[in-house]
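Next up is a structure, given as structure tokens.
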Amino acid sequence: MNYLFEKSCSGEIGYDDILYILGLEAGAELDSVFEAAYKVKLKYVGNTAYMRGIVEFSNVCGCDCYYCGIRKSAKGLVRYTMSEDEIVEAAMESYRLGYGSTVIQGGELRSPEFTRKFESIIRQLKEKSDGKLGITLSLGEQDLETYQRWFDAGAHRYLLRIESSNPELFASLHPSSQNFDSRVDALRLLRTAGYQVGTGVMIGLPGQRLEDLANDVLFFKKMDIDMIGMGPFIPHDLTPMRDSIPDFESKKDSQLLLGLKMIAATRLCLRDVNIASTTALQALAHDGREQGLLAGANIIMPNVTEVKYRESYQLYNGKPCTDENASMCRSCLGRRVESIGESIGYNQWGDSPHFANRTR
Ligand code: 5AD
Ligand code: FES
């Protein structure tokens, strides 16, 4: 499969190649695709996995995405919101553990108070870490002024998933108040504000065709995205999509494999971006994140949220590591990453080389 490596290096991976990769069954041919993607990863971003300690600060959400376990209409979960101090404390834990960066993620709200709270948190984190902690936000769609205030306070990366680049599929997953075009606009605003911009999709959604996924990869490329975070769709019991994939248990392996194929295709097509090996992969197989790294991903987001809150932040069924604390996660991860011959970039930001290349 060396031709895929060559083709990737000359920037020629296109729709047909991606579709071909996504359609492969497990076996020698697919293994060599993963090898090609890994070679491209080594060449463009290296074999160091970078960490972002993720703080899941609240499961109170103004959105009602049909797939998500913390959606506004979900009943039967305890809602929580961490205080400013608790968020700062948890994010600083990722600094103390040597992760170098934190991701602040939670339910999406829009209000002057919400903007002010995170502006203050970002400033505190910069101050307490002497400017050394890298800060990624995942706080949903906001206006340019809000994005700018948070950027000016010191955040420098932002994750906002498009979920699907097919507007019809997007519409089938969201109430009409959540709009595809405004999501795309928000990605552009983030770029205007100066962030390294991350997006991603869910993989293996009901009604999603391989062609849609191939277009998702091309969407990342067209939007000149710096970071990708994507993972397999996993039904959640408290959502309208709980039964949308009949007999999901028996489909876990193929769902995981499709997620890995998307990582490989994205690495081959985009080359120098950061790609996260997401927790959703680990929910489908205990070594799912290592498999993600071997398929071309280079970022891991260990949870640093206080254990007492983790049970309540379940976006999908079977989310792993809800009862291990941050330092247990750290040693477990260290072992896992070393077991596949990679190292961890402790105390470094691990910025997207693509961002450096495009802003040079
Ligand atoms: N399965 C997989 N991923 C999910 N997300 C939300 N619900 C699910 C689910 N059931 C993802 C979405 C969202 C991110 C925070 O979590 O892509 O952007
Ligand atoms: Fe939209 Fe959770 S409600 S991703």
Side-chain angles (χ1 to χ4, degrees), residues 50-63 68 70 79-129 131-143 146-161 186-187 189-190 193-200 226-227 229 274 276 278-279 299-310 312-315 319 321 325-326 329 349-352:
Y50 295 98
M51 304 283 132
R52 286 88 176 82
I54 182 162
V55 183
E56 296 163 338
F57 66 87
S58 174
N59 63 0
V60 177
C61 191
C63 294
C68 179
I70 64 164
R79 299 281 177 173
Y80 73 92
T81 300
M82 288 163 61
S83 69
E84 248 180 75
D85 287 352
E86 281 179 310
I87 298 172
V88 170
E89 185 48 35
M92 283 305 289
E93 177 70 5
S94 64
Y95 178 66
R96 284 189 289 271
L97 290 170
Y99 291 155
S101 291
T102 189
V103 176
I104 298 180
Q105 181 177 81
E108 176 173 332
L109 298 173
R110 275 182 285 277
S111 73
E113 172 49 26
F114 192 79
T115 302
R116 193 213 55 76
K117 174 172 172 175
F118 287 95
E119 188 177 30
S120 157
I121 288 168
I122 297 160
R123 287 197 195 286
Q124 289 182 59
L125 290 175
K126 281 287 157 186
E127 205 178 292
K128 281 182 194 273
S129 70
K132 290 197 191 112
L133 181 65
I135 302 176
T136 306
L137 302 178
S138 178
L139 303 174
E141 285 180 40
Q142 307 286 343
D143 59 20
T146 300
Y147 285 151
Q148 197 68 62
R149 275 174 61 183
W150 291 338
F151 183 82
D152 293 343
H156 64 133
R157 298 187 285 235
Y158 203 104
L159 304 173
L160 181 66
R161 288 190 182 182
L187 288 171
L189 296 180
L190 287 165
Y195 289 92
Q196 294 175 45
V197 181
T199 193
D226 305 304
M227 320 179 288
N274 277 349
T278 55
T279 314
I299 303 290
I300 290 189
M301 293 158 60
N303 202 331
V304 291
T305 317
E306 256 193 85
V307 173
K308 69 175 180 190
Y309 294 128
R310 293 194 193 184
S312 306
Y313 197 86
Q314 302 254 9
L315 306 180
K319 187 160 175 261
C321 299
N325 67 29
C329 283
W349 284 9
D351 277 340
S352 163

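Keep in mind the model is a prediction, meaning the values are calculated, not measured. Scope of the values below: all heavy atoms of this structure, side chains included, with no hydrogens, waters or symmetry mates.
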Search all heavy atoms of Asp351 against all heavy atoms of Arg52 and return the closest pair with its distance.
->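 Minimum heavy-atom contact is N-NH2, 4.4 Å.
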Listed by chain and number, what are the side-chain contact (heavy atoms from CB on, under 4.5 Å) partners of Leu315, not counting sequence neighbours?
->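 Cys68, Ile70, Tyr313.
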Reported CD1-to-OG distance for the pair Ile54 and Ser101, which is rounded to 0.5 angstrom |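 With rounding to 0.5 Å, CD1 (Ile54) is 12.5 Å from OG (Ser101).
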Report yes if the side chains of Ile122 and Leu137 come closer than 4.5 Å at any heavy-atom pair, otherwise no.
->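 The answer is yes; the side chains approach within 4.5 Å.
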Is there a donor-acceptor contact under 3.5 Å from the side chain of Gln142 to the main chain of Leu109?
->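 Indeed, once roles are kept as given, a pair shorter than 3.5 Å links the two residues.
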Should we count CD of Glu127 as having more than 12 external heavy atoms under 6.0 Å?
->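 Counting neighbours around CD of Glu127, 12 or fewer heavy atoms of other residues, nucleotides or ligands fall under 6.0 Å, so no.
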Any side-chain heavy atom of Val103 sitting closer than 4.5 Å to one from Val55?
->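 No, their side chains stay 4.5 Å or more apart.
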So Tyr195 and Tyr147, would you call those rings parallel, tilted or perpendicular, with 30° and 60° as cut-offs?
->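 Because their plane-to-plane angle is over 60°, the rings of Tyr195 and Tyr147 count as perpendicular.
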For the student: nearest non-hydrogen atoms of Glu86 and Met82, plus distance |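 Closest approach of Glu86 to Met82, heavy atoms only: OE1-CA, 3.3 Å.
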Minimum heavy-atom separation for Ala186 to Glu141, with atom names?
->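 Smallest interatomic distance, heavy atoms only, reads CB-CG, 4.0 Å.
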Ile104 vs Leu125 side-chain heavy atoms within contact, under 4.5 Å |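 Result yes, sub-4.5 Å side-chain heavy-atom pair found.
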Does Glu119 come within less than 4.0 Å of Arg116, counting only side-chain N to carboxylate O?
->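 Result for this pair is no, no salt bridge flagged.
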Phe57 versus Leu139: any side-chain heavy-atom pair under 4.5 Å?
->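 When only atoms from C-beta onward are counted, Leu139 and Phe57 do touch, with a gap below 4.5 Å.
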Between Lys126 (side chain) and Ala153 (backbone), is there a donor-acceptor pair under 3.5 Å?
->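 Checking the backbone N and O of Ala153 against the side chain of Lys126, no donor-acceptor pair under 3.5 Å is found.
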Main-chain N/O of Gly229 paired with Thr278 side-chain donor or acceptor, under 3.5 Å |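 Such a contact is absent between Thr278 side chain and Gly229 backbone.
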First locate atom CE of Met227, then atom CG of Leu159, and finally report the distance between them rounded to the nearest 0.5 Å.
->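 It comes to 4.5 Å.
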Which atom of Ser352 lies closest to which atom of Gln196, heavy atoms considered |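 Heavy-atom minimum between the residues: N-OE1, 3.1 Å.
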Ignoring hydrogens and angles, tell me if any N or O in the side chain of Arg79 forms a donor-acceptor pair with the backbone of Ser58 under 3.5 Å.
->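 Absent.
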Do Thr102 side-chain atoms and Gly53 backbone N/O form a donor-acceptor pair below 3.5 Å?
->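 Present.
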OG1/Thr146 to CZ/Phe114 distance, rounded to the nearest 0.5 angstrom?
->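 One gets 9.5 Å once the value is rounded to the nearest 0.5 Å.
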Residue pair Glu84 / Ile121: nearest heavy atoms and the distance that separates them |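 Looks like CG-CG1, 3.5 Å.
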N/O donor-acceptor pair under 3.5 Å between Asn59 side chain and Tyr80 backbone |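 Present.
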Give the minimum heavy-atom separation between Arg310 and Cys329, together with the two atoms involved.
->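 Heavy atoms of Arg310 and Cys329 come nearest at NH1-SG, 4.1 Å.
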Geometric class of the Tyr158/Trp150 ring pair [parallel <30°, tilted 30-60°, perpendicular >60°] |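 Correct class here is parallel.
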Greater than 12 external heavy atoms within 6.0 Å of Lys117's NZ =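 Above 12, so yes.
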Ser138: which of Glu56, Arg161, Gln105 passes side-chain hydrogen bond (donor to acceptor under 3.5 Å, both in side chains) |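 Only one of Glu56, Arg161, Gln105 forms a side-chain hydrogen bond (donor to acceptor under 3.5 Å, both in side chains) with Ser138, namely Gln105.
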